[in-house]
Amino acid sequence: MVSRVIPVDPFDLVIFGGTGDLARRKILPALFRRFLAGQIPEGSKIIGAARSELDDDAYRQLVAEALAEFHDGEMDQKCLTDFLRGLSYEQVDAVGEAGWDALAGHMRPDMVRAFYFSVGPSLFGALAERLQLHGMVDPDTRIVVEKPFGRDLETARALNQSLAVHFDESQIYRIDHYLGKETVQNLMAIRFGNMLFEPLWNSQYIDHIQITVAETVGVQGRGDYYDRSGATRDMVQNHLMQLLCLIAMEPPAKFDPDAVRDEKLKVIRALDPVEPQDIVRGQYLLAGDRAGYLEDVENSASTTESFVAMKLHVSNWRWAATPFYLRTGKRLKARASEIAVVFKETPHSIFDEDAGRHRNTLSIRLQPNEGIDLDVTIKEPGPGGMRLIDVPLDMTFSEALGPDSEAAADAYERLIMDVIRGNQTLFMRGDEVEAAWAWTDPIIQGWTERGDQPLAYDTGSSGPDDALALMHRDGRRWREIRE
Ligand code: NAD
């Protein structure tokens, strides 16, 4: 089955920070792939805007080099030339006056207009203000903002307020690329498009839920930024929290942006504060010639965590007795992100004790190899009697759907097209972000007040032993971290 590519309306898209790492690695390759797929119509304009002094040709050259490095599909020279022709560049200073009139000169009336703020959050307010000042904002104009969206409730509120002066909430697209993943959206389709799962989706049938986002890399030259952030701010407050919301939320009345986001917000607000004994923090140790966390961030006194595991409770009728276990960290044994919904055992086994007790697990793999598996218990084939084994039922449906490049589209491709289409469903609303910080802040403050030190863990491990104990003491175990 070949999925349909429905072209979006022609647009003017300005990428502030258009020469930066994120633009080169993610945003421009995503746009190029949508162009190759025929989703970006002729007449659309992409304008890079940044501090560097470049002309259009030099910018096209920069983008061509970025695509040569980061576009991993085939490179059709004619398409590349056509794509580059639609690019231009303006040298703009977010906090000065240079370049703004020239940028405004690019804008065409009656065109979808979007501004991607691929710059540090300290520039968001200045950009919003200057866009307004230079007459580039109409009621249909959209802005896209990147993480980190604040470092606590206070700063997130201030950012929201600085944007709200110039933009309505319906114009602000706060990106969390985890929400753009095919499988994450499929999770909603599976939950709300089938009769099969929803009746079981509660404490009565689900034993617990695990969410793991494991990386093998360390802080990768971002030590200074990371050390001021840490795993809780960098990953839990946004990505893991969003995944938890999609698993835990009530069915919205409609698949519409505010209906979905209202339900997600209710989940965050229903989260209990986390007790100190339900959280484990860690820092990776040096291994061979690979530096440890403290060396990587060049701060021997750092108490910032590169790993965190926690047990959470969503205090509502649906989840009252089902714990959620979250963990994320760097320099772990494999790069693997997954959500596992672990069902309860059957209330009674009709089989011999030898058959063992089994559980269904629905696992949603986000990376690598996005896909969904449902472990079901069957009879082990053969004449050896009634022995039970668990086998994964592959629910990725790649065979049924056929080889299909659209399904492999990267999260940024999907999300940028949603911005152009004006669909905010997969973007975080301001009140969601603030609620997530309101829940996260006391956790971080608690560590500071108590002077808690992170525990050391080996590079290539599953994190500190205490993180394993967090589940063992409840008679449960983490799933293996593997690619
Ligand atoms: P970067 O330092 O590589 O690029 C920053 C860009 O902003 C450059 O194009 C620079 O010219 C421009 N810029 C800086 N100051 C400016 C000013 N005063 N006026 C106009 N332009 C200015 O940064 P990056 O890695 O591309 O990250 C951009 C934002 O995206 C940051 O907030 C970052 O936290 C976030 N982010 C980055 C990644 C990533 O993978 N790189 C991932 C998620 C979020």
Side-chain angles (χ1 to χ4, degrees), residues 13-31 46-55 58-59 61-63 65-66 69-70 87-104 115-131 133-134 136 143-151 155-156 159 162-163 172-181 213 215 217-231 233-235 237-240 242 328 330 335 337 367 410-413 415-416 419 427-428 433:
L13 168 66
V14 176
I15 309 172
F16 289 112
T19 57
D21 178 65
L22 182 67
R24 286 184 297 110
R25 246 169 4 97
K26 291 288 180 190
I27 304 170
L28 288 155
L31 286 162
I46 298 166
I47 304 141
R51 269 189 312 195
S52 318
E53 196 181 334
L54 298 175
D55 60 16
Y59 187 60
Q61 181 62 31
L62 178 147
V63 175
E65 284 163 16
E69 190 173 352
F70 299 114
L87 296 181
S88 46
Y89 181 81
E90 281 305 333
Q91 184 183 359
V92 169
D93 184 357
V95 289
E97 294 318 312
W100 285 95
D101 285 334
L103 185 65
F115 297 95
Y116 200 128
F117 291 9
S118 180
V119 294
S122 60
L123 298 178
F124 291 177
L127 287 177
E129 189 183 331
R130 279 167 180 73
L131 285 173
L133 207 65
H134 291 268
M136 283 183 261
I143 57 167
V144 185
V145 295
E146 270 292 344
K147 82 168 207 187
F149 200 86
R151 54 174 282 108
T155 49
L159 269 182
S162 68
L163 297 178
I172 304 170
Y173 289 70
R174 295 175 195 79
I175 217 162
D176 184 322
H177 67 275
Y178 274 58
L179 295 182
K181 288 181 179 289
V213 176
E215 299 178 285
V217 293
V219 298
Q220 284 187 302
R222 293 163 64 229
D224 191 36
Y225 159 76
Y226 193 88
D227 201 39
R228 282 180 278 120
S229 175
R233 286 194 173 97
D234 195 45
M235 300 297 292
Q237 184 273 343
N238 40 50
H239 305 315
L240 278 83
Q242 288 295 317
T328 181
K330 294 188 174 293
R335 173 175 173 263
S337 302
Q367 63 191 18
D410 164 87
Y412 275 92
E413 294 175 51
L415 294 173
I416 297 170
V419 173
F427 296 83
M428 294 178 293
V433 177

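Whatever order the structure lists them in is the order used to number ligands and atoms, beginning at 1. Nothing here was measured: the structure is a model prediction, and the numbers come from that model. Just so you know, residue 1 is the first one in the sequence shown, and it goes up from there.
- With hydrogens left out, the protein atom closest to atom 18 (N) of ligand 1 is D93 OD1, 3.1 Å, a heavy atom.
- Using modelled atom types, no side-chain atom of R24 and backbone atom of A66 make a donor-acceptor pair closer than 3.5 Å.
- If you check which protein heavy atom lies closest to atom 29 (C) of ligand 1, you get V119 O, 3.5 Å.
- If you number the atoms of ligand 1 from 1 as listed, the ones under 4.0 Å from a heavy atom of G20 come out as 3 (O), 4 (O), 8 (C), 9 (O), 26 (O).
- Within the structure, salt bridge (charged side-chain N to carboxylate O under 4.0 Å, His left out) pairs that include any residue of residues 89-99 comprise E97-R130 (at least two apart or interchain).
- No donor-acceptor distance shorter than 3.5 angstrom exists from the side chain of R233 to the backbone of P148, with no hydrogens or angles considered.
- Ranking the protein heavy atoms by distance from atom 8 (C) of ligand 1 puts T19 OG1, 3.6 Å first.
- Shortest contact from atom 39 (C) of ligand 1 to any protein heavy atom: R25 NH2, 3.5 Å.
- Between the side chain of Y59 and the backbone N or O of G18 there is at least one donor-acceptor pair closer than 3.5 Å.
- When the options L22, L54, I175, I27 are ranked by their closest heavy atom to atom 24 (P) of ligand 1, first place goes to L22.
- With hydrogens left out, the protein atom closest to atom 35 (C) of ligand 1 is K147 O, 3.3 Å, a heavy atom.
- In terms of protein heavy atoms, atom 12 (C) of ligand 1 is closest to G17 CA, 3.8 Å.
- The shortest distance between side-chain heavy atoms of H239 and V213 does not fall below 4.5 Å.
- Those atoms of ligand 1 that come under 4.0 Å of a heavy atom in P121, given as number and element, are 32 (O).
- Side-chain contact of Y178 with N238: a donor-acceptor pair under 3.5 Å is absent, judged by distance alone.
- For the pair D234/K147, a side-chain contact is recorded, criterion being any heavy-atom separation below 4.5 Å from C-beta on.
- Looking at E146, R222, H177 and measuring to atom 44 (C) of ligand 1, the nearest heavy atom belongs to E146.
- Note: no N/O pair closer than 3.5 Å links V95 and ligand 1 by distance alone.
- Contacts of H134 classified as ring pair (Phe, Tyr, Trp, His ring centres under 6.0 Å), with partners at least two apart in sequence or in another chain: W100.
- The shortest distance between side-chain heavy atoms of I175 and F427 falls below 4.5 Å.
- Ligand 1 places these atoms under 4.0 Å from at least one heavy atom of P148: 34 (O).
- The protein heavy-atom contact nearest to atom 25 (O) of ligand 1 is D21 CB, 3.4 Å.
- The nearest protein atom to atom 19 (N) of ligand 1, hydrogens excluded, is given as A94 N, 2.8 Å; this is a heavy-atom distance.
- Looking at Y173, its side chain never comes within 3.5 Å of a backbone N or O of L415 through a donor-acceptor pair.
- Within ligand 1, the atoms closer than 4.0 Å to a non-hydrogen atom of L123 are 15 (N), 16 (C), 17 (C), 18 (N), numbered from 1 in the order shown.
- Only backbone heavy atoms of V92 (N, CA, C or O) come within less than 4.0 Å of ligand 1; its side chain stays farther off.
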